[in-house]
Amino acid sequence: MPKASEIKKNSAVEYEGRAYFVKDIERSVPQGRAGGSLYRMRMYDVVTGSKLDETFKDSDMLNLADLVRRPASFSYSDGDEFVFMDSEDFTQYSLNREAIADELLFISEDTQGLMVILVSDVPVALALPPTVDLEIEETDPSVKGGSATARTKPAKLTTGLVVQVPEHISTGDRIRINVEERKFLGRA
């Protein structure tokens with residue numbers, strides 16, 4: 001069991017019976033206190049994604065969560081269940097639509113770099129790669145010479161995601177998207 005002062009960013013910890021990702025740590029040393037530093041941690045629930053801000057003394061003991069990331073690829077969907085297959089041992093992991101609703105906007109059959117997150121051998125979440133390549137399903141016609149201007153237009157992708165793209169991009173093009181910012185990066 002590590003102390004709060006030993007926890008690093010992107011660690012997984014157990015707190016009040018739930019598993020959390022530690023996304024940000026802020027250290028402060030209050031003046032006039034006989035004691036150590038305080039660590040304010042911004043944590044996100046692995047299952048629900050809800051945010052929790054908590055402050056720990058440097059001597060507080062925390063449990064590391066039993067969290068495993070397995071490389072996987074999208075296999076098929078059956079109603080509200082989405083099945084992913086482990087890329088190494090071909091185990092199938094089933095995740096409910098509600099648990100991965102945001103991630104589904106970035107997943108197509110050929111998306112590479114997916115990770116299924118397991119807590120105690122139960123799939124709870126999906127980690128996406130930093131960028132994905134998707135096809136444009138619908139957008140306004142391309143404008144000749146549109147690459148010289150900075151104007152953009154909305155484009156609906158095959159997954160349902162809508163992003164702003166430059167005017168010279170047209171329906172059917174494959175584009176690269178930054179997952180975190182939901183922004184167009186370039187042609188794939």
Side-chain angles (χ1 to χ4, degrees), residues 1-27 39-54 56 60-135 157-161 163 174-186 188:
M1 281 179 50
K3 293 180 180 176
S5 60
E6 298 167 350
I7 300 291
K8 303 277 186 251
K9 266 186 182 177
N10 295 326
S11 306
V13 296
E14 275 182 25
Y15 181 68
E16 296 180 344
R18 300 188 70 88
Y20 291 93
F21 276 132
V22 177
K23 289 290 184 186
D24 197 32
I25 301 174
E26 214 173 275
R27 180 178 177 256
Y39 292 87
R40 182 169 178 76
M41 296 185 191
R42 174 158 289 171
M43 306 184 293
Y44 289 88
D45 190 305
V46 170
V47 180
T48 65
S50 59
K51 182 173 73 170
L52 175 70
D53 286 329
E54 198 65 50
F56 300 98
D60 288 347
M61 302 299 269
L62 292 169
N63 280 335
L64 290 176
D66 180 23
L67 195 72
V68 178
R69 293 170 188 256
R70 298 288 302 169
S73 59
F74 175 65
S75 192
Y76 65 93
S77 65
D78 182 17
D80 279 349
E81 292 294 311
F82 287 79
V83 179
F84 297 86
M85 188 166 51
D86 192 304
S87 302
E88 294 168 359
D89 66 8
F90 307 111
T91 305
Q92 292 194 346
Y93 304 111
S94 186
L95 288 160
N96 191 300
R97 177 186 297 275
E98 284 180 23
I100 58 170
D102 288 344
E103 289 85 350
L104 288 176
L105 292 172
F106 300 98
I107 297 173
S108 66
E109 261 114 49
D110 53 356
T111 302
Q112 300 293 314
L114 296 174
M115 294 282 208
V116 172
I117 298 170
L118 307 170
V119 175
S120 305
D121 292 332
V122 178
V124 293
L126 198 59
L128 296 170
T131 62
V132 293
D133 297 345
L134 296 171
E135 189 174 322
L157 306 175
T158 52
T159 61
L161 179 67
V163 294
R174 284 187 66 78
I175 60 170
R176 182 156 290 151
I177 309 251
N178 177 321
V179 171
E180 196 171 312
E181 297 175 355
R182 295 182 177 215
K183 286 190 176 168
F184 169 84
L185 292 176

Kindly check if the number of other-residue, nucleotide or ligand heavy atoms within 6.0 Å of CG (Asp53) is above 12?
->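 Check passes, neighbour count above 12.
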Is the count of non-hydrogen atoms from other residues, nucleotides or ligands lying under 6.0 Å from Arg69 atom CZ greater than 12?
->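 No, CZ of Arg69 has 12 or fewer neighbouring heavy atoms, counting only those of other groups under 6.0 Å.
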Could you check whether any side-chain heavy atom of [X] comes within less than 4.5 Å of a side-chain heavy atom of [Y], counting everything from C-beta outward?
| X | Y | answer |
| --- | --- | --- |
| Glu180 | Asn178 | yes |
| Pro71 | Met115 | yes |
| Phe21 | Ile117 | yes |

Donor-acceptor list for residues 96-107 side chains, cut-off 3.5 Å, not counting sequence neighbours:
residue : atom : partner : partner atom : Å
Asn96   : OD1  : Glu98   : N            : 3.0
Asn96   : ND2  : Glu81   : OE2          : 3.4
Arg97   : NE   : Asp80   : OD1          : 3.2

All N/O donor-acceptor pairs, side-chain side in residues 127-135, below 3.5 Å, sequence neighbours left out:
residue : atom : partner : partner atom : Å
Asp133  : OD1  : Arg176  : NE           : 2.8
Asp133  : OD1  : Arg176  : NH2          : 3.3
Asp133  : OD2  : Arg176  : NH2          : 3.0

How would you list, by chain and number, every residue that makes a side chain to side chain donor-acceptor pair (under 3.5 Å) with Glu109, sequence neighbours excluded?
->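 Glu109: no side chain to side chain donor-acceptor pair (under 3.5 Å) contacts found.
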Please identify each residue that fulfils side chain to side chain donor-acceptor pair (under 3.5 Å) with Ser108, with sequence neighbours left out.
->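 Partners of Ser108 under the side chain to side chain donor-acceptor pair (under 3.5 Å) test: Asp110, Thr111.
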Search all heavy atoms of [X] against all heavy atoms of [Y] and return the closest pair with its distance.
| X | Y | result |
| --- | --- | --- |
| Ser73 | Ser87 | N-OG, 4.1 Å |
| Glu88 | Arg70 | OE1-NH2, 3.3 Å |
| Met43 | Val13 | SD-CG2, 3.8 Å |
| Pro123 | Val116 | CB-CG1, 3.9 Å |
| Ala4 | Met41 | O-CE, 3.5 Å |

Interatomic spacing from CG in Leu62 to OG in Ser5 - rounded to 0.5 Å |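 The distance works out to 9.5 Å.
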At what distance, to the nearest 0.5 angstrom, does CD1 of Ile175 lie from NZ of Lys183?
->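 Output value for this atom pair is 14.0 Å.
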Residue pairs passing the ring-ring contact (aromatic ring centres under 6.0 Å, His included) test where at least one lies in residues 79-104, sequence neighbours excluded =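 Sorted pair list: Phe74-Phe84.
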Residue pairs fulfilling side chain to side chain donor-acceptor pair (under 3.5 Å) with at least one residue in residues 12-26, sequence neighbours excluded =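 Every pair satisfying side chain to side chain donor-acceptor pair (under 3.5 Å) with a residue in residues 12-26: Tyr15-Glu54, Arg18-Asp45.
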Tyr39 and Lys3: side-chain contact (heavy atoms from CB on, under 4.5 Å), yes or no, with the steps?
-> CA-CA 11 Å; Tyr39 292 87; Lys3 293 180 180 176; over 6 Å; no
